Amino acid sequence: MFFVIILLGELASCLCGSAPCLLCGCCPSSNNSTVTRLVFSFFLLLGTLVSVIMILPGMETQLRKIPGFCQGGTTIPGIENHVNCDVIVGYKSVYRMCFAMACFFFLFSAIMIRVKSSKDPRAAFQNGFWFFKFLILVGITVGAFFIPDGTFHDVWFYFGIVGSFMFILIQLILLIDFAHSWNEVWMRNAEEGNSKCWFSGLLFFTILHYALAFAAIVLFYLYYTKPDNCAEHKFFISFNLILCVIVSVVSILPKVQDASPQSGLLQSSIITLYTMYVTWSAMTNNPNRECNPSLLSLVSNISTTEAMPTSSPGMVQWWDAQGIVGLVIFLFCTFYASIRSSSNAQVNRLMQTEEGKGTVGGEEVGEDGLRRVVDNEEDGVTYNYSFFHFHLLLASLYIMMTLTNWYKPDTTTQAMQSTMPAVWVKISSSWLSLGLYLWTLVAPLMFPNRDFN
């Protein structure tokens with residue numbers, strides 16, 4: 001923890017200014033609203049990095065080597081070791097770090113309710129005072145590590161499940177928006193020239209996404225089902241396959257295409273692939289090890305029942321494949337949410353953004369000759385400040401659950417146990433996500449008088 005604090009201290013000098021002076025060297029033509037979102041996202045990624053470092057295998061052993069630091073570790077004559085290293089490493093550190101980030105973003109979500117423009121005094125705090133905001137985050141983090149164990153982990157586990165469920169839906173919305181934007185840009189480029197190249201690109205990625213999803217389904221049936229067992233997994237895979245086929249067919253129906261010309265198989269292929277990932281992630285939380293083989297046992301062809309008995313509590317596999325994929329998707333969605341500029345009215349309403357509403361200004365050049373970031377929110381904010389922080393709050397909970405593999409902590413045995421509630425939360429989020437995507441397809445057809453463009 002000591003070297004992490006040193007790292008954070010070195011970064012503090014970069015957080016002393018307002019948004020217009022941050023990142024001006026690498027993105028000088030950016031708007032104030034974009035830079036602010038990027039910096040807050042950086043806070044979230046910084047907390048994620050600290051959590052990853054603290055959860056690395058062997059970290060507790062290394063900390064115990066620091067003289068006078070850990071209780072029960074190397075001592076210095078005359079100095080008593082006060083730090084409980086069991087608390088600042090492993091899943092306990094992840095829970096406390098993510099609790100601190102969630103409190104930090106909840107605080108700003110409450111403060112920024114109903115901010116309408118950058119003329120609001122609260123907007124100055126949103127877009128500036130970064131050093132003080134950094135100190136607030138550090139202070140909450142330090143306080144979080146003094147929380148007694150008690151029922152904290154059990155209670156916060158259920159907060160994490162609910163928040164992660166909501167964040168998975170937000171990820172789906174962002175992926176839908178990204179797919180629509182991708183399809184729209186490439187279709188426009190095809191109309192402007194070299195249509196064969198652009199249409200070939202769309203076809204290639206559509207086929208690639210469906211091929212990966214089909215390969216995943218085959219592997220699921222091979223490794224996550226048994227002829228006389230794993231009935232839940234058979235249902236999950238088959239039902240989600242049927243739902244993905246339905247939304248893919250609906251997306252290319254003539255009436256749907258007439259009402260929503262931007263819909264197509266590219267978007268459906270991305271949603272299908274994402275659904276297969278969520279299905280896989282859900283199955284990896286099944287406490288029945290016969291239906292949930294570890295990646296190591298699959299690669300080395302070791303019997304799961306021999307490697308880990310069903311009755312034994314599951315220990316966390318910190319760097320399993322589904323956790324890494326989840327982190328990659330999280331990083332993409334967080335970055336995309338910070339820079340997105342969408343013309344999709346449905347997504348803008350769902351994400352509480354109003355792209356294009358802010359002032360469009362030219363570059364600002366300071367007395368030192370450097371270009372400054374433009375304040376584009378004098379006439380109106382381009383995104384809902386409060387909802388953006390709420391989104392980062394949910395992201396903090398999702399990171400907590402991802403890094404601990406959605407396992408429930410058992411403080412009495414110092415183990416992490418797989419639970420069926422985590423399985424059902426994930427799989428139900430995949431159904432709700434597909435339902436949400438299906439709604440974006442049929443809503444323009446059901447309500448022709450409303451503007452969905």
Side-chain angles (χ1 to χ4, degrees), residues 157-158 160-162 164-169 171-172 175-176 209-251 267-295 297-298 303-305 307-311 313-314 317 320-323 325-326 329 398 401-402 405-408 417-442:
F157 169 78
Y158 290 105
I161 281 186
V162 176
S164 299
F165 174 82
M166 298 172 67
F167 184 76
I168 289 175
L169 298 182
Q171 279 190 149
L172 190 276
L175 286 175
I176 293 175
H209 295 150
Y210 276 121
L212 291 174
F214 179 76
I217 292 171
V218 173
L219 293 174
F220 293 164
Y221 277 118
L222 285 176
Y223 296 109
Y224 289 90
T225 63
K226 300 293 181 182
D228 56 347
N229 199 352
C230 313
E232 298 96 338
H233 288 189
K234 295 174 185 176
F235 170 72
F236 295 159
I237 301 169
S238 303
F239 189 62
N240 279 0
L241 173 60
I242 294 172
L243 293 179
C244 289
V245 171
I246 291 174
V247 297
S248 297
V249 172
V250 170
S251 68
Q267 298 93 311
S268 298
S269 67
I270 294 177
I271 302 308
T272 298
L273 186 59
Y274 179 72
T275 301
M276 290 304 110
Y277 158 71
V278 176
T279 305
W280 173 46
S281 181
M283 292 188 298
T284 58
N285 279 108
N286 192 332
N288 184 355
R289 289 297 171 181
E290 186 177 354
C291 302
N292 177 20
S294 66
L295 188 63
S297 66
L298 293 177
S303 171
T304 345
T305 55
M308 184 179 296
T310 306
S311 60
Q317 305 167 24
D320 72 330
Q322 69 93 3
V325 174
I329 296 176
Y398 176 80
M401 300 305 293
T402 300
N405 284 359
W406 292 67
Y407 285 8
K408 184 177 181 180
Q417 298 179 338
S418 302
T419 59
M420 284 306 294
V423 176
W424 285 105
V425 165
K426 287 186 178 182
I427 206 67
S428 60
S429 69
S430 70
W431 299 336
L432 192 54
S433 298
L434 285 169
L436 184 61
Y437 175 62
L438 184 62
W439 170 254
T440 65
L441 295 175
V442 301

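Residue numbers count from 1 along this sequence. Computed from a predicted model, the values in this text were never measured in an experiment. Only heavy atoms go into these numbers, but all of them, side chains included; no hydrogens, no water, no symmetry mates.
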S.K.: Using the rule given for side chain to side chain contact (heavy atoms under 4.5 Å, CB included), can you reason through T225 versus F220, listing the C-alpha separation, both sets of side-chain angles and the distance that settles it, and then say yes or no?
M.R.: CA-CA 7 Å; T225 63; F220 293 164; over 6 Å; no
S.K.: Testing T284, N240, L241 for side chain to side chain contact (heavy atoms under 4.5 Å, CB included) with T279, which one passes?
M.R.: N240
S.K.: Taking the side chain as every heavy atom from C-beta outward, state whether Y274 and S430 have any pair of such atoms under 4.5 Å apart.
M.R.: no
S.K.: Using 30° and 60° as the class boundaries, would you call the ring planes of W424 and W431 parallel, tilted or perpendicular?
M.R.: perpendicular
S.K.: If you define the side chain from C-beta out and look only at heavy atoms, does anything of V425 sit under 4.5 Å from I168?
M.R.: no
S.K.: Within the structure provided, determine whether I217 and M276 are in side-chain contact (heavy-atom separation under 4.5 Å).
M.R.: yes
S.K.: Taking the side chain as C-beta and beyond, is there a heavy-atom pair between S238 and Y221 under 4.5 Å?
M.R.: yes
S.K.: Is Q267 close to L175 at the side-chain level, that is, under 4.5 Å between some pair of heavy atoms?
M.R.: no
S.K.: Got a donor-acceptor contact below 3.5 angstrom from the K426 side chain to the S281 backbone?
M.R.: yes
S.K.: Hey, are the side chains of V278 and S433 touching, using non-hydrogen atoms and a 4.5 Å cut-off?
M.R.: no
S.K.: For A282 versus V423, what's the shortest heavy-atom pair and its separation?
M.R.: O-CG2, 3.4 Å
S.K.: Would you indicate whether F235, at its atom CZ, is surrounded by more than 12 heavy atoms from other residues, nucleotides or ligands within a distance under 6.0 Å?
M.R.: yes
S.K.: Write down the atom of L169, the atom of L432, and the distance for their closest heavy-atom approach.
M.R.: CD1-CD2, 3.4 Å
S.K.: Within the structure provided, determine whether Y398 and M166 are in side-chain contact (heavy-atom separation under 4.5 Å).
M.R.: no
S.K.: Classify the ring geometry between Y224 and H233 as parallel (under 30°), tilted (30 to 60°) or perpendicular (over 60°).
M.R.: tilted
